[in-house]
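Here the structure is laid out as C-alpha cells; the discussion comes afterwards.
Being a predicted model, the structure only gives us computed values, none of them experimental. Values below: all heavy atoms of this structure, side chains included; hydrogens, waters and symmetry mates excluded. Order of the sequence lines sets the chain letters (A, B, ...), proteins ahead of strands, with each chain counted from 1.
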Amino acid sequence: MKFDRSARRKLWSHTMTVLAGLCALVALIPLGSVIYQAVLLGGPVLSLSFLTSNPPLPCTPSVGTSCAVGGIGSAIQGTLVLVGLAAAISVPIGLAAAIFAVEYRGRFLGLAISFTADVLTGVPSIIAGVFIYAYFVIYDPSIVFSALTGSLALSVIMVPIVTRTCEEALRTVPHSLREAALALGIPKWRTTLQIVLMTALPAVLTGILLSVMRASGEAAPLLFTAFGSRLGFQGFNNPINALPLLIYNFAESPYKNWIDLAWGAALILIILILIASVLSRLVVGRMVRRMRGG
Amino acid sequence: MNGTKMRVERLSAYYGKTKAISEISVGFPERKVSAIIGPSGCGKSTLIRCLNRMHETLPRTRVEGQILLDGEDILELDPVHVRRRVGMVFQKPNPFVTMSIYDNVSVALRFNGRHSREDTDKAVVRSLQQAALWEEVKDRVDAPALSLSGGQQQRLCIARALAAEPEVLLMDEPCSALDPVATAKIEGLVNELKNSYTVIIVTHNMQQAGRVADYTAFLYLGKLVEVGATADLFERPKERLTEQYITGRFG
C-alpha cells in the first residue's frame, strides 16, 4: 500500500498530538499523586476539632491505650498571623518599589530595582530565615524566635515577588492611558494611583496573592525565626506555629499521632491554597468582565 | 478677523540628539481650525505634542524656542496647568478602561477640583452633546467605556477633553484609526467646535485638511515649508515642494 503525502502528514499530526497528550498526562502525575496521598492519609484525621484544637503531646499507642489526636488549630492561626503581618509589611514596600521602577524610571535606579528583585526571587528561602536570625541574634536576642521575626523572614521572600509581579502588571497598562490622563492636566501622582494602578489592579492583586500563597507554603525561613509552638498566638515577641513548620517537624517524628497530624495539615494547606486561588480567579475575572462590560 | 491664540517662535524639539522639528515659527488663529499636514516623519505630531507640553513626557526629549498662549510662554508655566488650558485628542481612542462613560467624561472635573454633583452632571451632558455622542449614550452613561465602538470611543475622548473646558483643542490624527462613517462624524464635529474653541489638527489626509481647516501648515523634514489659508495653499501653493506634495508626487 502506498501512502500519499496528505495521508502521511495526517498520520504524523495524529502521532504528535497523541504524544503531546501523553506528556501532559505525565506532567499531571506528580500533582495527582501528591493530592491523592494527602487525601488518603490526611483525610481520615479531618474533623472540626482537628481545625481548632492544638497539637497533642507525642504518643505512640501501646496495647490498651490510645493517643489523643489533637489538631492543628495553632498552626492555622499561626500561618494566618505570620502571612498577614508579612503581607502588611511587603505589599506596600513591593508595590511602591514597582511603581517607582515603572512610572518614575530614574533609569539606573529603576533597572537596579528590577535586577535586585530578580536576584532576590532566586535566593533560596532558607537564606531569608538565616538573615533575619543572624540580624536579631546581634540586635535583640530575646525575640529571635518570634512571630515578628517569622513575618520579617517571610517578607524578605514576598517583597521581591510582589515587586516583580506588580512591575509586570504596571507595564501592561498602555502608555496611551498615561498620556490621556496627563493631557487632561491630571498630575502625575494622581495619574499613577488612579489611572495606571486602577487599570492594573486585577494583575496587581494576582501578584500579591501569588506571593501570599508562596509564603503560606514556606517552612525553611521559619525554622530559625517563628520556630514553632504547640500553643496558639502568644504575642508578636513569642514563638508561633505555622502549617509548613508543623508538617516539617511532625512528619519526621517517630510518633504515630504526630505523623497523622502532619498529613492532615498537608491536606489543609493544599485546600487553603486551592480556595485562595479559586477565589482570586473569580474576583479578578469579575473585575475584568466589569471593565469590558460583559 | 480673529487674533492669534497660539504662536510658536523658532521652536525646535529633540529626541535625544535627533532634531525632530527645526526652528518652526507659526501662529494659530483663535476660533479657527488650523491643520498641520506633511508626510510621515515630518514632525507634525512632535509639533502638536509640544503645544501642550506632552513632548517632554517622553524620555530624553528637549524643546527650544517659545510657545506663546495668549502671549504667555507656556514653557515657563507648570505643565499641569498648561494641559488644563490646552486639551488633546490622540490618534487612537484611549478611554480609561476601568471607568464608565460618565466617569470618563467627568474625570478632569473630579480629579482636578471640587465640583458639585449637579455641575458635573451638567458638564457631562454638555460635553457629550458637543461631541455628538449624547443621543447615542444618554440611556447608558454608566455603561463601561469599552462597550462603545471605536468611533464612539474617539468621540468620548473628545467629550472628555472638552469637559475640562480647554481654550485650545489639539487633535493628533484623530481619525486615523476610524472608518469613513466615523471619520465623517468627527469632521462634522470639528466644524462645530471651532465656534467655541481654537482647534489645531494634525492629519496625513490632505482631503481632510481641505474639508475641515481654515488654515493649513505644510511641514517637511522637520521644517515649516508653507502656511496659509487652506484654499490658497491647495490651489495656489507658493512653494514647489508644497505643490509636489499636494499633487501626490511624494509622501
ask   = Okay, side chain of Asn94(B), backbone of Ser176(A): is any donor-acceptor separation there less than 3.5 Å?
value = yes
Under 4.5 Å from any heavy atom of chain A - which part of [X]:
{"X": "Phe90(B)", "value": "side chain"}
{"X": "Pro95(B)", "value": "backbone"}
{"X": "Val82(B)", "value": "neither"}

Please check if the number of heavy atoms outside [X] that lie under 6.0 Å from its [atom1] is greater than 12.
{"X": "Tyr15(B)", "atom1": "OH", "value": "yes"}
{"X": "Arg171(A)", "atom1": "CZ", "value": "yes"}
{"X": "Arg140(B)", "atom1": "CZ", "value": "yes"}
{"X": "Phe131(A)", "atom1": "CZ", "value": "no"}

task = Locate the shortest heavy-atom distance separating Asn112(B) from Leu184(A); write the atom from each residue and the value.
result =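 The answer is ND2-O, 3.2 Å.
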Closest approach of Ala183(A) to Met88(B) (non-hydrogen atoms, all atoms of both residues) = CB-CB, 4.0 Å
For chain A, which residues of [range] have heavy atoms nearer than 4.5 angstrom:
{"range": "residues 44-58 of chain B", "value": "Arg49(B), Asn52(B), Met54(B), Thr57(B), Leu58(B)"}
{"range": "residues 61-70 of chain B", "value": "none"}
{"range": "residues 160-179 of chain B", "value": "Arg160(B), Ala161(B)"}

ask   = What parts of residues 186-202 of chain A touch chain B if we use heavy atoms and a cut-off under 4.5 Å?
value =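 Within residues 186-202 of chain A, the residues that come under 4.5 Å of chain B (heavy atoms only) are Ile186(A), Pro187(A), Arg190(A), Gln194(A), Ile195(A), Met198(A), Thr199(A).
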